[in-house]
Amino acid sequence: QVQLVESGGGLVQPGGSLRLSCAASGSMFTIRAMGWYRQAPGKERELVATMPNSGNTNYEDSVKGRFTISRDNAKNTVYLQMNSLKPEDTALYYCNADLRMSYWDRFHEVWGQGTLVTVSS
């Protein structure tokens with residue numbers, strides 16, 4: 001069974017920075033993509049940033065130029081560097097991985113438990 005464990009959330013003032021980390025552990029064959037999603041109170045979960053194995057990144061418009069996604073494939077880890085944080089970035093941030101657990105397995109998504117980011121003065 002594969003687990004995704006996020007860390008790095010917390011309380012930060014507007015304009016501040018945080019770095020989220022997510023490590024995938026367990027038995028798996030290959031990861032095709034990793035990414036971050038977020039869900040603010042009363043809103044639906046939305047994509048923040050994704051990074052497939054090709055390295056082509058995809059960002060939600062409101063975070064472009066402020067957030068940077070990166071991966072360490074050797075460690076099965078994805079990071080999200082968040083700069084110039086705004087109150088509207090406040091949300092529960094979820095890690096996501098598109099993977100298969102064996103050669104015969106289909107690709108499927110696995111989710112972390114989420115880490116809370118609060119941007120407030």
Side-chain angles (χ1 to χ4, degrees):
Q1 188 172 356
V2 176
Q3 284 190 320
L4 303 181
V5 178
E6 302 108 331
S7 61
L11 174 64
V12 63
Q13 292 187 342
S17 298
L18 282 176
R19 188 188 193 216
L20 306 183
S21 299
C22 170
S25 63
S27 177
M28 68 195 88
F29 181 70
T30 187
I31 296 175
R32 183 164 62 181
M34 298 187 78
W36 293 93
Y37 290 71
R38 66 185 179 186
Q39 187 167 17
K43 295 187 177 181
E44 295 186 353
R45 189 176 300 188
E46 65 175 3
L47 180 147
V48 176
T50 59
M51 189 172 189
N53 290 350
S54 65
N56 295 324
T57 56
N58 181 38
Y59 294 95
E60 195 270 330
D61 285 345
S62 70
V63 308
K64 287 180 180 178
R66 300 188 297 124
F67 291 10
T68 303
I69 188 171
S70 61
R71 287 174 60 184
D72 184 337
N73 293 331
K75 296 181 179 180
N76 292 328
T77 300
V78 62
Y79 306 95
L80 185 68
Q81 177 66 43
M82 305 185 293
N83 299 328
S84 303
L85 283 160
K86 305 175 181 179
E88 50 264 43
D89 294 318
T90 295
L92 193 58
Y93 283 71
Y94 294 93
C95 177
N96 170 279
D98 183 23
L99 55 84
R100 56 178 176 169
M101 295 176 65
S102 70
Y103 179 81
W104 299 273
D105 189 22
R106 293 184 178 184
F107 280 99
H108 61 280
E109 293 187 328
V110 177
W111 294 88
Q113 294 297 310
T115 184
L116 182 62
V117 172
T118 304
V119 185
S120 175
S121 55

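What you see is a predicted model; the values in this text were computed from it and never measured.
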Do the ring planes of Tyr103 and Phe29 sit parallel (below 30°), tilted (30 to 60°) or perpendicular (above 60°)? perpendicular

Within the structure provided, determine whether [X] and [Y] are in side-chain contact (heavy-atom separation under 4.5 Å).
X     : Y      : value
Leu11 : Ser120 : yes
Thr68 : Tyr79  : no
Met82 : Val12  : no
Leu20 : Val117 : yes

Shortest non-hydrogen separation from [X] to [Y] and the atoms involved:
X      : Y      : value
Met34  : Ala24  : CE-CB, 4.5 Å
Gln81  : Ser17  : NE2-CB, 4.0 Å
Val48  : Tyr37  : CG2-C, 3.8 Å
Leu92  : Leu116 : CD1-N, 3.6 Å
Leu99  : Val2   : CD2-CG1, 3.9 Å
Gly114 : Glu6   : N-OE1, 2.9 Å

Should the heavy atoms of other residues, nucleotides or ligands under 6.0 Å from [atom1] of [X] be counted, would the total exceed 12?
X      : atom1 : value
Lys75  : NZ    : no
Gln1   : CD    : no
Gln113 : CD    : no
Gln3   : CD    : no

Interatomic distance, [X] atom [atom1] to [Y] atom [atom2] [nearest 0.5 angstrom]:
X     : Y      : atom1 : atom2 : result
Asp89 : Thr118 : CG    : OG1   : 11.0 Å
Asn58 : Thr50  : CG    : OG1   : 4.5 Å
Arg38 : Phe67  : CZ    : CZ    : 5.5 Å

Would Arg32 and Arg100 count as a side chain to side chain contact (heavy atoms under 4.5 Å, CB included) if you check the C-alpha gap in whole Å, the side-chain angles of each, and the deciding distance to 0.1 Å? CA-CA 8 Å; Arg32 183 164 62 181; Arg100 56 178 176 169; over 6 Å; no

Start with the C-alpha distance between Arg71 and Asn53, add both sets of side-chain angles, then the distance that settles side chain to side chain contact (heavy atoms under 4.5 Å, CB included), and finish with yes or no. CA-CA 9 Å; Arg71 287 174 60 184; Asn53 290 350; 3.0 Å; yes

Charged N to carboxylate O below 4.0 Å: is that the case for Asp61 and Lys64? yes

So does Arg66 get a backbone contact from the side chain of Tyr59, meaning a donor-acceptor N/O pair under 3.5 Å? no

If hydrophobic clusters are built from ILVMFWY residues whose side chains come within less than 4.5 Å, do Leu80 and Trp111 share one? no

Please determine whether side chain to side chain contact (heavy atoms under 4.5 Å, CB included) holds for the pair Asn96 and Tyr94, giving the CA-CA distance in whole Å, both sets of side-chain angles, and the decisive distance to 0.1 Å. CA-CA 6 Å; Asn96 170 279; Tyr94 294 93; over 6 Å; no

Using the rule side chain to side chain contact (heavy atoms under 4.5 Å, CB included), only one of Cys22, Ser21, Cys95 pairs with Ser7; which is it? Ser21

